[in-house]
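Please read the structure below before turning to the comments.
Here is how names work: the chains are called A, B, and so on, in the same order as the sequence lines, proteins then strands, and each is numbered from 1.
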Amino acid sequence: MPELPEVEVSRLGIAPHLEGQTISRVIVRDARLRWPVPETIQQASGSEILAVNRRAKYLLIQLSNQAVIVLHLGMSGKLRVLPATTPPVKHDHIDIVLANGICLRLNDPRRFGACLYQQPGDAPSKLLANLGPEPLTEDFDAQRLITLSKGKQVAVKNFIMDNAVVVGVGNIYANEALFMSGIDPRRKAGRVSAKRYEVLTEAIKQVLAKAIRQGGTTLKDFTQSDGNPGYFAQSLNVYGRTGEPCLTCETPIKSVVIGQRNTFYCPTCQS
DNA sequence: CGAAACACCTGTGGGC
DNA sequence: TGCCCACAGGTGTTTC
């Protein structure tokens, strides 16, 4: 489900309901997520939620006891804010129940998501250790792409989807940013000019920012935390449009598999 | 070492 | 209508 815009939209949706509230208990109906949900998460009970932050596609719920609940939505995770009395449905794995009767509920059919509990004394999670810069900050710039791509044989599409290079660029927005930049996704990262990396950097920032403004991309099942869909799907130029005319030149959009992922591009506009 | 393949898991849509 | 296969927005691990 989520790339960075969808995670950010989720964060914006849930944060006002959580911040300043006290956790009364945590219900784990199924601990079998990507990693087992730790028993220690029960220690969150009684703590106040100070902030809901985001790093890459991880949501970080900062607690008054100095611990952090780390959530990742994987491919199919969804967060809803509901009355805690709402009967759970299939794949409603975790509830973070608040003292005011509201709960944050995680539903994740494929269970590729994660819910971890990081305490001050714990070894720092390796998950967050090797992440590149946030794409919407000035820490992410063209020079970084130019420097890191030197000599790289990997396809430029895989390069910008590498979380060590820049975080948050998933399959949809990698395809869209490369279309906006006129770059063939199959081109080797080391064979993209500095000038084009300047354009690509701005395209990544623009496409992610616009997607956040539009509430994310709803393809099959993404919904904002209020249950409404995102509206970015209607802005997609190439993703999922195999055989349909390029919106610039009317050439049929092509698809190829790169790095196990479906990849869409215009053979005329991108080189 | 870098690059590619594999793994995890369930639901859905298309073709027959 | 039903069955089977292919595929899905992510990312850590294994293999070459």
Side-chain angles (χ1 to χ4, degrees), chain A residues 1-10 29-37 54-59 70-79 89-94 106-116 125-132 135 148-178 185-191 204 207-208 211-212 214-224 229-243 255-264:
Chain A
M1 183 265 296
E3 296 190 31
L4 183 142
E6 290 72 40
V7 178
E8 181 65 8
V9 167
S10 295
R29 298 188 190 81
D30 193 341
R32 300 172 304 160
L33 299 186
R34 177 153 199 184
W35 298 282
V37 179
R54 180 186 58 72
R55 175 74 175 106
K57 296 169 190 163
Y58 296 94
L59 288 171
V70 180
L71 295 176
H72 195 288
L73 300 179
M75 291 276 263
S76 58
K78 288 180 286 289
L79 289 170
V89 298
K90 198 171 185 182
H91 307 308
D92 277 348
H93 304 314
I94 296 175
L106 171 69
N107 179 288
D108 184 5
R110 293 177 74 177
R111 291 190 274 116
F112 287 176
C115 178
L116 301 173
S125 172
K126 296 174 184 172
L127 296 176
L128 301 166
N130 296 316
L131 296 174
L148 291 179
S149 65
K150 289 268 192 298
K152 283 286 198 330
Q153 300 295 303
V154 69
V156 62
K157 184 188 175 223
N158 290 340
F159 178 66
I160 61 172
M161 290 177 70
D162 182 345
N163 279 333
V165 175
V166 57
V167 302
V169 182
N171 200 30
I172 296 176
Y173 302 111
N175 279 296
E176 294 299 314
L178 288 163
R186 298 166 298 180
R187 180 175 282 273
K188 290 176 166 51
R191 302 298 297 271
I204 289 170
V207 74
L208 294 177
I212 292 169
Q214 298 191 359
T217 299
T218 294
L219 291 180
K220 290 187 174 68
D221 54 11
F222 173 72
T223 57
Q224 305 182 56
Y231 296 99
F232 191 76
Q234 57 207 44
S235 300
L236 297 176
N237 287 300
V238 290
Y239 186 88
R241 297 193 63 243
T242 306
S255 66
V256 294
V257 174
I258 300 178
Q260 324 285 93
R261 310 303 290 267
N262 211 347
T263 301
F264 307 88

- Integer-rounded Å distance: C/dG9 C1' and A/Glu176 CD: 13 Å
- Task: Mind calculating the distance between CZ (A/Arg261) and C1' (C/dA8) to the nearest angstrom?
- Result: 8 Å
- Task: Can you run through DNA chain B from 5' to 3' and write each base as (, ), [, ], | or . depending on how it pairs? Watson-Crick or G-U wobble, both distances under 3.5 Å.
- Result: .|||||||.|||||||
- Message: Using 30° and 60° as the class boundaries, would you call the ring planes of A/Phe232 and A/Tyr173 parallel, tilted or perpendicular?
- Response: tilted
Just call it for [X]: base, sugar-phosphate, or nothing, with non-hydrogen atoms closer than 4.0 Å on any strand.
X	value
A/Asp108	nothing
A/Lys188	nothing
A/Tyr58	sugar-phosphate
A/Tyr239	sugar-phosphate

- Message: Return a single string for nucleotides 1-8 of chain B, one symbol per nucleotide in 5' to 3' order, where B is base contact, S is sugar-phosphate-only contact and - is none, cutoff 4.0 angstrom on heavy atoms.
- Response: --SSSB-B
- Message: Within the 4.5 Å heavy-atom criterion, are A/Leu59 and A/Val7 side-chain neighbours or not?
- Response: yes
- A/Asp92: what forms a side chain to side chain donor-acceptor pair (under 3.5 Å) with it, not counting sequence neighbours? A/Asn107
- Interatomic distance at P, C/dT11 relative to B/dT12, whole Å: 23 Å
- P gap between B/dC9 and C/dT14, integer Å: 15 Å
- Item | Inter-residue atom distance A/Leu106.CG - A/Leu71.CG, 0.5 Å rounding | 6.5 Å
